[in-house]
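Order of listing sets the numbers, starting from 1, for every ligand and every atom in it.
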Amino acid sequence: MAFNIVTKNNIRDRFVSHPRPALWKDTDSKDWNNWIWQQQKRIKSMDVLEKVIHVTDEERQAFAASHEQFNMGITPYYASLIDPNDPNCPIRLQSVPKMGELTILDTEMEDPLAEESNMPVPGITHRYPDRVLFYTTHNCPVYCRHCTRKRKVSDPSSSAANQQLEDGLAYIERTKQIRDVVISGGDALSNSDERLEYILSRLRAMDHIEVFRIATRNLVTLPQRVTDNFAKMLTKYHPVFIHTHFNHPKECTQEAFDACAKLADAGCVINNQMVLLKGVNDDPKIVMELNHKLLMMRVRPYYIFQCDMSQGISHFRTPIEVGLNIIEHLRGWTSGMAVPHFVVDCPGGGGKIPLLPEYVVKREGKKWTFRNYQKKEFVYNEP
Ligand code: SF4
């Protein structure tokens, strides 16, 4: 029997490409699709933002009060995802300042994860035995209003100069228990291809380094950054893991799909680290939709992070029960691949604590009673 292969693959068609705002409707597509143009045209002032969305008085006030400490920066592409008329648009909440940023609670800290106090050399956080966090830039295409590293991100004086980069590489080279390096920032893809390739080539030449992860939100905020040349360059340094940060299904566009496809075709493994944010994704239906879209984009939902205790983000923080409720509505109701780990990154540098709803009803010696996702009870007798 002859098998007629159906070649139609309409996965990409299930994603949308948002229309450009009027400000850029006559921009040449070559420019619009060029990541350097997108970086150069980032929205950094209210004057420009007002040409793209209807800015509220609160946003204007919040910008005036916050932009000296933590800049506003929004790529034209990410701005094209904002609903211009909805002050509660999830893309807008993540990128336009709100007055909540000015509230600092007693429980909040400048550096809640103690990243600065676990630094053997500037630019390296070494907390766990076999892995390090390597800060390579202070820059990001979009400055996320919920950023946990507001203390240094967007501040040019915290930039990783070449000497700091060399000192970090030298530390990794002489510290033989390190097998895994998270190349981070800021956003690691704010580095040029040449600088990033230099870092990757140096790491790959070290016999004790097994894997590295590139931490980037460019797939979400500036997918044009993933060029064919960049993806091809990565193939020389496998295994390469990409850790990204989609927070809402609206961010899963055709442009993001294409960027993920280039990286996946180049052999990269892509994991998503969602941050749980009030008004953005604190609803199981939104997280379910996001995770299904991510899987279609060949991105594995990996973590849901409880909001850190960073200063000025209390308006985003949800009670821990919200995260547990999301897991309760995912586990069993959809494929396990779409169920990430819900974790709290402990203040003070205690590391990530995984949290699950309670599935053990009781234990009597070797007799365990569990409940499943439908709340039905089942007994497991250990032999
Ligand atoms: S991309 Fe990451 S480091 Fe940059 S502002 Fe957003 S959360 Fe912070």
Side-chain angles (χ1 to χ4, degrees), residues 35 38-39 42-44 62-63 66-75 77-79 81-82 90-98 100-101 108-113 115-116 123-125 133-160 182-191 196 213-226 241-248 250-251 256 259-260 270-278 280-281 299 302-313 315-317 343 345:
W35 71 273
Q38 287 275 343
Q39 276 273 17
R42 283 189 303 169
I43 302 172
K44 296 179 181 168
F63 172 81
S66 68
H67 85 280
E68 302 250 313
Q69 287 80 40
F70 186 58
N71 295 167
M72 182 178 76
I74 311 173
T75 54
Y77 163 78
Y78 200 64
L81 311 189
I82 297 179
I91 307 301
R92 184 164 173 161
L93 292 178
Q94 293 181 71
S95 54
V96 179
K98 287 275 189 208
E101 291 183 28
E108 291 180 334
M109 290 161 262
E110 201 182 23
D111 177 18
L113 307 181
E115 291 175 331
E116 305 294 326
I124 293 265
T125 294
L133 194 53
F134 191 11
Y135 306 96
T136 57
T137 170
H138 66 270
N139 195 10
C140 305
V142 170
Y143 292 119
C144 313
R145 307 320 299 176
H146 55 277
C147 181
T148 207
R149 293 195 192 122
K150 279 184 181 181
R151 67 182 185 278
K152 58 206 277 178
V153 166
S154 99
D155 172 8
S157 68
S158 71
S159 171
V182 183
I183 303 164
S184 187
D187 193 309
L189 290 200
S190 294
N191 289 297
L196 210 44
R213 317 177 220 179
I214 299 177
T216 177
R217 211 178 177 213
N218 269 255
L219 308 188
V220 183
T221 56
L222 180 52
Q224 296 80 359
R225 173 67 183 85
V226 182
F241 291 78
I242 307 285
H243 279 209
T244 192
H245 176 176
F246 286 87
N247 283 332
H248 192 277
K250 214 175 164 187
E251 295 169 336
C260 295
I270 315 172
N271 289 308
N272 190 58
Q273 310 194 145
M274 184 195 107
V275 179
L276 190 45
L277 301 170
K278 193 188 288 172
V280 174
N281 54 20
V299 179
Y302 176 46
Y303 278 134
I304 295 179
F305 280 112
Q306 172 70 8
C307 237
D308 289 332
M309 278 298 164
S310 300
Q311 291 176 337
I313 59 171
H315 55 304
F316 281 121
R317 204 171 290 117
V343 294
D345 217 338

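With respect to atom 1 (S) of ligand 1, the closest heavy atom belonging to the protein is R217 CB, 3.7 Å. Among all protein heavy atoms, the one lying closest to atom 5 (S) of ligand 1 is C144 N, 3.3 Å. Among all protein heavy atoms, the one lying closest to atom 4 (Fe) of ligand 1 is C140 SG, 2.3 Å. The protein heavy-atom contact nearest to atom 8 (Fe) of ligand 1 is C147 SG, 2.3 Å.
Residues K98 and L93 form a side-chain contact, since some pair of their non-hydrogen atoms from C-beta on lies under 4.5 Å apart.
Under the 30°/60° scheme for interplanar angles, the aromatic rings of Y303 and F305 are found to be tilted.
The closest approach between G185 and ligand 1 stays at or above 4.0 Å for every heavy atom of the residue.
Side chain to side chain, N272 and T244 fail the donor-acceptor criterion of an N or O pair below 3.5 Å. Side-chain polar atoms of Q38 and Y78 form no donor-acceptor pair below 3.5 angstrom.
The contact set between ligand 1 and V142, taken as ligand atoms under 4.0 Å from a residue heavy atom, comprises 5 (S).
Using a 4.0 Å cut-off between charged nitrogen and carboxylate oxygen, D111 and R151 count as a salt-bridge pair.
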